[in-house]
Structures are given as structure tokens and as C-alpha cells.
Asker: 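What follows is a single structure, and I will ask about it in a moment.
Chain A is the first sequence line, chain B the second, and so forth, proteins listed ahead of strands; every chain is numbered from 1.
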Amino acid sequence: MTGLSAVPDGLTTMAKALNAGLRRTLEEDPKVVIMGEDVGKLGGVFRITDGLQKDFGEARVFDTPLAEAGIIGTAVGLAIRGYRPVCEIQFDGFVFPGFDQIVNQVGRMHNRSAGAVKLPITIRIPYGGGIGAIEHHSESPEAYFTHSPGLKVVTCATPSDAYWMIRQAVADDDPVIFFEPKRRYWSKGEVAAQPGPLYRARTVRPGRDLTVLAYGPMVGVALEVAEVAADEGRDLEVIDLRSLAPLDTDAVIESVRRTGHLVIVHEAQRTNGLGAEIAARVQEAAFYSLEAPLLRVTGYDTPYPPSRLEEEWLPNVDRILDAVDRSLAY
Amino acid sequence: MTGLSAVPDGLTTMAKALNAGLRRTLEEDPKVVIMGEDVGKLGGVFRITDGLQKDFGEARVFDTPLAEAGIIGTAVGLAIRGYRPVCEIQFDGFVFPGFDQIVNQVGRMHNRSAGAVKLPITIRIPYGGGIGAIEHHSESPEAYFTHSPGLKVVTCATPSDAYWMIRQAVADDDPVIFFEPKRRYWSKGEVAAQPGPLYRARTVRPGRDLTVLAYGPMVGVALEVAEVAADEGRDLEVIDLRSLAPLDTDAVIESVRRTGHLVIVHEAQRTNGLGAEIAARVQEAAFYSLEAPLLRVTGYDTPYPPSRLEEEWLPNVDRILDAVDRSLAY
Amino acid sequence: MTEHVRAVQPEPDMVQLLTPEGERVERADYPLDITDEQIGQLYRDLVLVRRIDSEAVALQRQGELGLWASLLGQEAAQVGAGRALRSHDMCFPTYREHGVAWCRQVDPLTLLGLFRGTSVGGFDPYTHNFNMYTVIIGAQTLHAAGYAMGVVRDGAVGTGDPDRDTAVLAFFGDGASSQGDVNESFVWAAAENLPIVYVCQNNQWAISAPVATQSRVPLYQRSAGFGFPGLRIDGNDVLASLAVTRRALDDARSGQGPTLIEAFTYRMGPHTSSDDPTRYRLGSDVETWKLRDPIARVRAYLSRSAGFDAEFFAAIDEESEQLAVHVRAGCRALPDPSPESLFDHVFVELPEDLRRQRAEFADFVASVAS
Amino acid sequence: MTEHVRAVQPEPDMVQLLTPEGERVERADYPLDITDEQIGQLYRDLVLVRRIDSEAVALQRQGELGLWASLLGQEAAQVGAGRALRSHDMCFPTYREHGVAWCRQVDPLTLLGLFRGTSVGGFDPYTHNFNMYTVIIGAQTLHAAGYAMGVVRDGAVGTGDPDRDTAVLAFFGDGASSQGDVNESFVWAAAENLPIVYVCQNNQWAISAPVATQSRVPLYQRSAGFGFPGLRIDGNDVLASLAVTRRALDDARSGQGPTLIEAFTYRMGPHTSSDDPTRYRLGSDVETWKLRDPIARVRAYLSRSAGFDAEFFAAIDEESEQLAVHVRAGCRALPDPSPESLFDHVFVELPEDLRRQRAEFADFVASVAS
Ligand SMILES: Cc1ncc(C[n+]2csc(CCOP(=O)(O)OP(=O)(O)O)c2C)c(N)n1
Ligand SMILES: Cc1ncc(C[n+]2csc(CCOP(=O)(O)OP(=O)(O)O)c2C)c(N)n1
Ligand SMILES: [Mg+2]
Ligand SMILES: [Mg+2]
């Protein structure tokens, strides 16, 4: 395995970890191609693909015309031809022009061909709010994809997961929607020497009194909540879901059987958000263990607001603590 | 009000009721236009717009070029100009090329204009399975829309609701996604003399032992289930949700407080289907009344199958009864 | 609404190499190096393909198929294009290219599965270099462009090696020309100079919408504004279809980029078996187009100018009868998929939560059976 | 990948009515009936619009705006087109048409709200017949087509009554030309012969992608294949922009259908304040385009050929200073939206379940405050 770049060493930003992970996939598999708007010379508007075109050439890392259906649709064709495309959607809100190709084609081609065609496509989507952006730049569209058959959906919360999960996602022979919490791009952490399993949730803080389930940008906030609650004598367990589809509810069900309380946190609009599915599954699997209703702390059922209001709209420490209090007081 | 066609008399199919309802909206408001693929001379592939172009002219009832983004996008423009467009999407699976315009434009324009622009657009979508069709013709995509802010989503289960709800939807100044259960198009019923409120669920069969919540094509099946269960001495309450967004959970919560048991039925894939949201809300609002977990009977998390397997895939009397048994035995 | 809109008319320079009366026309720009025996083989294709179609129509009427999309009238456009392909070229059809499927050696029964509801596509595209049918209008044109991008990256264009250089053939209809996906495919094909040939079968109708609903100028003109050539052929002329597609594929393989071919033809039957065309079009149009039948002209040529005798035609008729038996019996014998197969191939490997759902399903099936 | 791709070059017949040196050019096909005073007014527009832009750039640097999309270099394309509109015409911009907004009398502060994050669009399009900015690339072109369909249905085309006949002006960029929505808009415009004029500001870049990424032929050629004319103008020439847009709008109003105008120009600044163009383009290109500055040439004409004196220019500079004060002070004074406004205008009337969510929100806000 000479010539392969090493796992990043020392404190690394999530952006750099993703870049290193992508670089490694390009090194390992000549069929990997990276495509999207501005991923070439510019290295992407978030610089996630920085330097990759320079090192791997324009045939493997390339700017596409400006059209998301075209990006996804041509990735399907590339995959049929045997390539392993990694598509970048520039911002969350821009995935919708490509939605038909994702839902009707990407998610079904393997099934329709009775297994003959594999579509190892990774669709990277920087998502979520909190960066002071204008409209359509702060959306959390994950639930649209978790509702769609044939798609895997994952999201990372740390540089280590970013590095390993992007490598695992690209290596997966099924299509994976890879959500990157853009406001965490510049957060730093160490990258683990070995990966964990891609499609498993992980308990990031053990606790006894109540379980907080979060993913992507909200994991950090959930951990903050646990710190504050600890000062108040409450021992919260925090789980990072990581895999949104397949949905790994084993860890959370086991946890809730112990704690009896669950607060689910995500940025996306509440109604039919992923929190709904988690609540529906957990109440079924842990019915007799529940000491309070499962509560959700989420974005409201409104369009994402102008950025001057986003802090009010997004789940934050106070809102989550409030839900923790309500659950424990039930 | 002379010159306005009357409420249909006697037994009427759902298809004819929708046709009569649309006719009436055209009569009442010169700004109503009906647009879509094949809605003109052909009267739509399901004949829902039969005769309307002949009677109201090509300026008001017209075939569009074959492109769903174009249909929705031009409807937005027509609405900005003061029209009240009714768009037909030919089959459920074909809504996705228009998805971006619906989610990013239709659902947000009123909000973005700080209330200056109203988009009284109705998007009619024949949906659901059970008609032996080929792929992309049997989908139930309602949850994609209920998760999207700024959209109202309704569905009818009877000719009477079909007639009144389409009139109310077109008259609403907000955008409404109107799901028509295509396999019920030829079912017959009387049309009520007066409408009920559009955004309210309705108890279609009172009962004491367990609540079955269904909508659209599944309401009839749920009623059958109640009949069979009655023979076994079980008294089921059946609620027709009707309004999926706004989600009217008052009736179901009140019901579950009485029965302690809820089975939710829909055709759409289970994960992140509307059933998840209903379960999440009901367990929160009726926590202490629940005698069993809320159960869902839905399509499986696979692509809609080839039609020779659709009866296995779709919720049916047996599967719902099975869930009723499991709930009551809990 | 339509007073300003010019009707879409055949262009004076529409490429035709065989007149409806069966006369060969020579064109210096599209020389066709073909023997009469080869034309006889094309005739066989046309007849057999039409037979598959008419059997499927009958099977649908008998309730053996849920639906059928007939190619009646479009045999020449499809067979000519299909026979222009080399085996290693790739082809992306819509849902009506039964004639192309035939040329790619796809068993007609495979196609029937989709319409009978025993499969959702159901074939391995690699075996025949023929992709699954695509129902979502236009979507396949982007897949074709992407595949062509892969061909370029594989260095399989412009090498001069006929076994290596590869082209992609993408079909779509006149209605599909309005879809964003098709136009985006044109953007990609032009910007990346892809080895792709588009065949737009303009059969004059998108269900009930005449082509004037989509465009007021001939569709072949669409591509020039994207930066690649387009031309119109007589879509009922199998020789024109063969010669022009062959040349366009050659151009593609040799690195000269994309071409749009508009095959001007007519959908002689309903859109599908669910459709009732009497609601929206005149029988007299159909009569006019009958005079341009794609098979009659080849038969006229073969018997009048090439000296083919009754025996030749009888042999093909006999083969057609055998094929019909295969189609009829085979269709009825198509196995129903097993219930458990619901969960097959949703993913390469079934994830844990779907495995549980499958178990739940199996339990339920067992409980009902017991 | 790009060896076959021809660069997109200015066409020899690009319409230019004022050279970069400030010489007027007469063209019989685009006669421009304009006085020097009127040219002076255009000059004023250009200067003030550039000033709004440079103030916004500064405000963004000072942290007062979250983002800004500068129009630097594109003033002439925008002001010419904007001034060609009649007040009852409707206009659909992208996110960069600050110059058109100016011509439509939209207060610059209204635009700043979107970029400051105090609103999500935020203006009433009916007051100015100027739609809200659209961030989703290309989406507005379909809205424009639909609006034009309404105009046709209102009988407001081809009546000959100048107060009644109405046109629609839709903007998009070179990058946007690849989007399905834009091409579908062309389909509609042509098929229904809509009173619409498209202005494609080809500023050579879509963020870091040069226009050759989108097309290997000039973009104005795109429309012909859809069935309506297209032409290229010198987008840095306000007179060409005015004359050509005026004529195209006249055509549209009189029922002669759509036109595509490609305004050949250059984005002198970064894509937005978040962008760093040094990563992908040469400074020397920018230098070349500086010589084609849209304002300098008008000033040259006015002072050299029209005898405008220093006083005229000084007055405009003075006005520019006042405008800058308005923009700076006004921006800082833009009120933050109130938290409760989160739920405003999601629907015309707030449904019950959202009313509960608002109450929950209000309770929470109150609980934190207390
Ligand atoms: C995205 C989408 N929209 C609508 C349909 C419904 N539909 C099926 S075929 C058809 C007409 C297609 O016309 P054309 O492209 O000319 O092909 P033809 O059927 O004539 O071969 C329509 C509208 C569809 N399958 N997919
Ligand atoms: C659907 C969509 N995809 C991507 C983007 C991100 N984006 C914003 S502007 C832009 C480039 C647009 O280029 P062009 O159309 O030439 O307009 P310009 O910015 O040059 O005025 C891109 C890719 C977007 N806003 N919407
Ligand atoms: Mg057709
Ligand atoms: Mg540009």
C-alpha cells in the first residue's frame, strides 16, 4: 500500500479530514471521480476538494455545467460504465433540481436491474444552518432521503468520522447521501487510527438519567447540554446517530430502556423530520420503559428564517435543556 | 348564482365528482386555469378534466409541454400575475422533476414576499397503488410534502370529499397539494349538500376498542377491517385524516385517549412516512392513555414492487387486522 | 393560444434513401454500402419486430399484460438505428424501443415482464449493452451522457481501433424534448464533446399532445444552439435510419462529438393500451401515414428491384409464426416473482433494519398461510 | 477533457452602439432615438448603481452584510435593460440585478435586507413590477414564462395600446443557461409565443467555471433551436443594451414573441464577497476588461462629443455621496426582525398546528427571558 496518504495526524479540521479522506479514495481506486460545481480549480466553495484536481487531473476531478439533475444523472451513467462518482451538491437547498434523479433513478437502478447494476455513487451535501447565510443555504433535507427506498444516508459530527465515513461511503457499492455539517467544517479534532462501522450509531457520552439523540451539527450542542445538565446533577447520555438510513435504533433503544427518557434533536423542520421516525420506532420498541413521552427539539415548521433569526429557529442549548426538564419532570 | 352547475346528484364516482368540482371552480372564478399534460382534449389520462377544455376554452384549460418543473414554475408565474392555477401531475412518480419548484418556490414565495404574493396553486396528484400499473405509477409521495414548509396537503377518500375538497382547495389562497387516490376514482357515493371544513380529520366510524387512522385509498380498507373486527366482537373507531398538512391530530388524540390503541395505515414506505409523524405527536399528547405502542401498517421500505407483488406490499385487511390483534394483545 | 405557432413540417432536406414506393435514393452525404441480402435481413427484422408488437397488443387485450406501449409505425426508425450499433456500443432506450431491443438480442419475453408486472425492468444491461427501459421521461438521456463521459475517460474514443472506440445511443421522444433532463444532456454532450448520438423519434404525439405543443420549429434544430449538429431523417425509412445513425455513431467514436437525429415518423396506434386516440386525433392522419408504411416499402424494393421471391417472404412469415408462439406461450409462462423477492436488490447487501422488516413480512405471510 | 471545445468568443456581429472609446456607432437595425440629456441620465444611473454596489461591498467587509454579490462591470447591461422597461412591464431578476432594481425604483436598502439577513427576499414585487431576487439558479425564468402566459390571457399583448401591451423581462447568467428550468422556459416561450425577453448576462463566469464549461458555442445561439431569435450585444455598452432590449420588448408587446439577448460582459469582482477569484482566473483578463469599462465610455462620449462639463459630473458625484450616506446609515439601521415574525406569512392564515408551535415558541422565549 505504498504511495497511499496516511491518516491525518494531530488536530485536524473537519474540512481537511474530508479532503484527506477523498484524496485517499482517489488514490485507492482509479474509478473514483469527483464532480460538481466548482470542485476543480476552486476546490469547492468550502475547499473540501482543494488540490485534488491539481493532483489527480481534470479527468478525475472536474467542474460540471451548472445543473444538479445533470450532475446526478451523469453520475448514474458513469456508474453504469463502472465508475465510482462522488458528486458535490454545493449547498443543501440546491439538491432539489437533482431530486428526481436521486429518488427515481439512483435509489432504484440496482433494484430495477435485478442486481445487475451497482451504483456506488456518493452525493456529498454540506447542510444545516448557523453560518449567517442567505436563503437556500441552511437547509437540512435529510428526511426526504431517509423516506426514499434504496438510499443510504449518513452524517458526520467529528473530523474523525468525517475522514473515515467519507472513505467508507465512497467504498460502499450502494448509493450514499453524505451530509456534511457545514458549520462544523472548521471544528478540530484528532482522527482515529481505525474506523468504526459506518452504519452504526455511537454513544458519545454515557449517562443514566435521560438520553439525547442527535446527529451532524447537533451532536456538539447535545454534548454541551450534557455538560450544563451535569452541573445541575443530571447525568445525560448522548448518542450520535451517524447513520440515518439504515436507521440504527439499537443503541438508542437500549439506552432508553435504561434511562426511560429520550430527547431527539435535529435542525430540520419538525413535521416528518427524522425525529418523527425515531420516536415512532422507539415508542414501539421500548414502550414499557418509557417514563415520559419522547420529545423532539427541532427547527420549526416554517421556511428557514433570515439569518438574523436563525439562532431563534435552530435548536440550541436552552431549548434542549428545556425539553430535558420537561421530560424529567413528566 | 345562476349559471353555476349544481352539486352532483345521486351516486357519483370520485372521478366525476372531481370533474364536477373543477367545473364549478372554473365557473365561479375566471382566474382559475387548469393546466398539465393531456388535460385538454383528452381530459386527462383519468378523464378528471373531461369536457372542461371544450366548455371553457383553450386559454383556461390547456395542455402544457411535457415537463413538470415547467408546469409548476409557470403556474407560479401565472399566480403572481393573479391567476389561480390548478396543475395536474399525471402520476405520482412524475412529480419529482417538479419537486424543486414546489419545495423551493411554491412553498416559500408568500413568505419571501413578506405576504405580498399569494400563490393559490392547487397541484393535483393521482396517487397510490393497486391498479396493476408499471413502475413510477403507484407511488405515495405525500410525506415529502408534509415535511416541506408552506404547503398544505390534503387527500380525499370519498366522492363527496372529492367534490367539496377540490373546490375548497382551489379556493384556498395558499398552495395545496391535492392527492387523489387513483384506485378509488371509480368508486361511487353520494355527494353531501354541504362541505365540512377542509383541514379537519373526520371520524367515519365511531368505536370503543381501538382507533384506526387512515387516509385516501386506505380509508375504505380500514372500514372493511372494522367490519371484520366487529364480527369478532371488536369495536374499532376509524378516522379519515383528510388533511395531512396542516395535520389535524385533535380528533385522533381525543379518540386514542378513549381507546388507548392506535393503528396508523398508509401505503407510502414506512420510514419517515406520515405515520411516523402521527405516532410522534400522539405519543406525546396521549402518553398516559396509551395501552399499547402505536403501530403502523404501511408499504415496506423498498421500491414499489412489480404489480404482481403489489398486493403483498400494500397494507390490506389481513395486515391491518394483524396489527389490531397485536395492539389489543399487548 | 396557438395562432402564432407554425406547425412542425417535414423539412425539404429530410434524409430519405428509400421512398414509400420502394425506390432507392442515392445521397452523396449518406452513402450506404449495403447488399440486397442485407436489406433482406432488415426486412426480416422489421417484420419480426412488428409481430412481437402485435402479439403483445393481443396479450394485453387478453389480460396477460397490464399495459403495452406499441411501436407500430416506428419499426424502421428503431431497426435502422439498432442495426447501426456495434456490439460494444451502449444504448439507452425509453419504454418503446422494442425494435432496438430486438437488434440487441434481448428476448422479447424480458420486455414483457415489465408490462406484465413480473419485474420492474428486469434485465442485465451489460449482457446486451442495452439499458433497462426508462419510464421517467428523459431521465435516460443524462445516463447516456454520463456513460459517454466514462467512455471518454476509458480512452475509448478516437483511437482508430474499431474494437475499442465506443459510442452511446440515446433515445427519446418528441414530448421528451421539453424535459429539462434532455436539454441538460445536450449541454453536457456539447460542452464535453461526448461520443453520443441522440435519436429523437418524433412520432408526432406525446400521448394526446401534438408535437406543436412542444415546439414550433423542427426538433432536429434544437441541437445547433447547444453546439452540435442535428438533422431529420424519414423515420419510416430503415435505410435512412441505418445510414445516418451509422455515420453519426462513426463520428462519435472517432471523437467528433454528438449528433441529434430526428426520426420523423408516426405513432400508428394508441400511446399505450390504456389510451384512446380517437379523443384527440383524426383517423385521416393515420390513413396518410399508412401510405408511408416502413415495411411495405422495403418489401416493394426487395420484390420489384432486388428480385426476392415468394419463398423468401414465406420463410420470414413462417419465422414470424414461430416467434409469435414463443411470445404467447412464454408470456403466459413468465413466473410470478416470489413474495420474499420484495426485499431483493434494494441494496447490494440488505441492511439490518430491512432484514428485520423482511422477517416481519415473512412472519406475517406465514401466519396468514397457517 | 476540453481539447475539442471551442472557446466562446465575441461574435463579429455583436451589437455595439458606443465603443469603449466613447464613439457612437449607428446601426440601421437598432436605431436609437436618444438625446444627449438622456444619455446623461443613463450615466447618472450607472454611476449611482456602481456606488450602491461599492458601498455594499464595503458594508460587507465591515461585517454589516453577511454576503454581497457585486454587479461591478455589469452596470451597462443592467441599466440599459432596466431603462428599456415600461412601468407596467414585469421583471424577474436573479440575485445580482441591483442595477435593474435601481431602474425599478427599489430602494437599495430593500436589497440589503436579504444580504444582511433581516429578510428572505422582502419586497412587494407589485409595487415596482420587479420580482424578488431568486437564489435557486434559473427558477425565475419559469416564473417569468408563467407570468407572460397570464399577460396573454389578460389580452395584454398585441392590442396596439401602449398602456396595455405588456412584456416580461427575465434575467439569468451564463451558468444558469445549463439548468433545465431555463431551457424549459425557452420551450414554453416558443411554444406559446410568449411576450418575454430573456437577458442572459454572460459575465464569463459561474463562480469559478468559465463559460466554456457550459457551452462551446455562443449562448445567444441557444434560442434559435427552440424557435425564437437570439443575439449578442456588447454588455458593457448601455446604449446597445437599451436599444436592443427596447426593440425586443416592443416585439414582445406587439405579439411577435420572445427574444434572447446575450449581454457579453465581465464580472469584474469576485462571485460574491465569499469568493476568491485569484484561485481560478488571471488578473490580466480583468485588466483587459477594464479597458471596456461601461461607465468610462459614456463619460468619454458625454465630455468629448456632447459637451457635458465638469459641473454635470460634479453634481452626480455629489448625488452619489448622498446616496452612499443613505446606504450606509440605512443599512446599519435596518431593523432586526422580531422573533415572533418567524411564523409570519408561512401561510395566508396560520393553521392551527402552526399556531400551537408559535405559542410553544413564545412560551419558551418568555421562559428564557424570565
Ligand atoms: C416525468 C414524466 N412525466 C410524465 C410521464 C407520462 N408520460 C408517459 S409517456 C408520455 C408522453 C411521451 O411522449 P414522447 O416523448 O413523444 O414519447 P412517445 O410516447 O411518443 O414515444 C407521458 C406524458 C412520464 N412517464 N414521466
Ligand atoms: C440550483 C442552484 N445550484 C447552485 C447554486 C450555487 N450558485 C450560486 S451562483 C452560481 C453561479 C451562477 O453563475 P451565473 O448563472 O453565470 O450567474 P452569475 O453569478 O455569474 O451572475 C452558483 C453555482 C444555486 N444558487 N442554485
Ligand atoms: Mg412522441
Ligand atoms: Mg456568470
Asker: Return the CG to CG distance between Leu241(A) and Leu247(A), rounded to the nearest 0.5 Å.
Answerer: 5.5 Å
Asker: Please state whether the side chain, the backbone, both or neither of Ala144(C) comes within less than 4.5 Å of a heavy atom of chain A.
Answerer: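 Looking at Ala144(C), nothing touches chain A.
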Asker: Using heavy-atom distances under 4.5 Å, tell me whether Tyr199(A) contacts chain C through its side chain, its backbone, both, or neither.
Answerer: neither
Asker: Quick one: of Asp248(A), Asp173(A), Val76(A), who has the most non-hydrogen atom pairs under 4.5 Å with chain C?
Answerer: Val76(A)
Asker: What part of Ala245(A) lies closer than 4.5 angstrom to a heavy atom of chain C: side chain, backbone, both or neither?
Answerer: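 For Ala245(A), no heavy atom lies under 4.5 Å from chain C.
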Asker: So for Gln140(C), is it side chain, backbone, both, or neither that comes closer than 4.5 Å to the heavy atoms of chain A?
Answerer: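 Contact with chain A: none, neither part.
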Asker: Charged N to carboxylate O below 4.0 Å: is that the case for Lys31(A) and Asp154(C)?
Answerer: yes
Asker: Would you mind checking which part of Ala156(C) comes under 4.5 Å of any heavy atom in chain A, side chain (CB onward), backbone (N, CA, C, O), both or neither?
Answerer: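 Side chain of Ala156(C) only, per the 4.5 Å heavy-atom cut-off to chain A.
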Asker: Return the orientation label for the Tyr133(C) and Phe130(C) ring planes: parallel under 30°, perpendicular over 60°, tilted otherwise.
Answerer: perpendicular
Asker: May I ask you to name which of Asp181(C), Val187(C), Leu114(C), Thr141(C) has the most heavy-atom pairs under 4.5 Å with chain A?
Answerer: Asp181(C)
Asker: So for Asp250(A), is it side chain, backbone, both, or neither that comes closer than 4.5 Å to the heavy atoms of chain C?
Answerer: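 Only the side chain of Asp250(A) comes within 4.5 Å of chain C.
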Asker: Identify which part of Thr166(C) has an atom lying under 4.5 Å from any heavy atom of chain A, answering side chain, backbone, both or neither.
Answerer: side chain
Asker: Of the backbone (N, CA, C, O) and the side chain (C-beta and beyond), which part of Val168(C) lies under 4.5 Å from a heavy atom of chain A, both, or neither?
Answerer: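 Nothing of Val168(C), per the 4.5 Å heavy-atom cut-off to chain A.
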Asker: Is any side-chain N of the basic residue among Glu64(C) and Arg116(C) closer than 4.0 Å to the acidic one's carboxylate O?
Answerer: yes
Asker: Is chain A contacted by the side chain of Tyr126(C), its backbone, both, or neither, given a heavy-atom distance below 4.5 Å?
Answerer: side chain
Asker: What part of Ser119(C) lies closer than 4.5 angstrom to a heavy atom of chain A: side chain, backbone, both or neither?
Answerer: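 When you check distances to chain A, no heavy atom of Ser119(C) falls under 4.5 Å.
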Asker: Sort out for me which of Leu119(A), Thr249(A), Leu151(A) touches chain C most, counting heavy-atom pairs under 4.5 Å.
Answerer: Leu151(A)
Asker: Heavy-atom distance under 4.5 Å to chain C: side chain of Asn104(A), backbone, both or neither?
Answerer: side chain
Asker: Flag this pair as yes if the NZ/CZ of Arg153(C) is under 6.0 angstrom from the six-membered ring centre of Phe62(A) and inside a 45 degree cone about the axis; otherwise no.
Answerer: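 Verdict for Phe62(A): a cation-pi partner in Arg153(C).
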Asker: Which one, Gly77(A), Gly107(A), Gly115(A), Ala69(A), leads in non-hydrogen pairs under 4.5 Å with chain C?
Answerer: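 Counting heavy-atom pairs under 4.5 Å, the top option is Gly77(A).
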Asker: Flag the pair Lys41(A) and Asp63(A) as a salt bridge only when some basic side-chain nitrogen lies within less than 4.0 angstrom of an acidic carboxylate oxygen.
Answerer: no
Asker: Select one option (side chain, backbone, both, neither) describing which atoms of Asp100(A) are under 4.5 Å from chain C's heavy atoms.
Answerer: side chain
Asker: Let me confirm one number: the CD-CZ distance from Gln357(C) to Phe361(C), rounded to the nearest 0.5 Å.
Answerer: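 If I round to the nearest 0.5 Å, the distance is 10.5 Å.
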Asker: Using non-hydrogen atoms only, which part of Arg108(A) is less than 4.5 Å away from chain C: side chain, backbone, both, or neither?
Answerer: neither
Asker: Would you call Arg356(C)-Asp353(C) a salt bridge at under 4.0 Å N-O?
Answerer: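 Salt bridge: no.
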Asker: Any side-chain donor paired with an acceptor under 3.5 Å for Tyr95(C) and Thr272(C)?
Answerer: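 Checked: Tyr95(C)/Thr272(C) side chains show no N/O donor-acceptor pair below 3.5 Å.
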Asker: Going through the checks in order, is the side chain to side chain donor-acceptor pair (under 3.5 Å) test met by Gln214(C) and Asp174(C)?
Answerer: CA-CA 8 Å; Gln214(C) 323 290 340; Asp174(C) 47 296; 5.6 Å; no
Asker: Side chain from CB out, backbone as N, CA, C, O: work out which of these in Ala67(A) comes under 4.5 Å of a heavy atom of chain C, or both, or neither.
Answerer: both
Asker: Between Arg355(C) and chain A, which part of the residue has a heavy atom less than 4.5 Å away: side chain, backbone, both or neither?
Answerer: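 Neither part, no heavy atoms under 4.5 Å.
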Asker: Less than 4.0 angstrom from a charged side-chain N to a carboxylate O is my criterion; do Arg60(A) and Asp29(A) meet it?
Answerer: no
Asker: How long is the gap from CD1 on Ile123(A) to CD1 on Ile102(A), to the nearest 0.5 Å?
Answerer: 4.0 Å
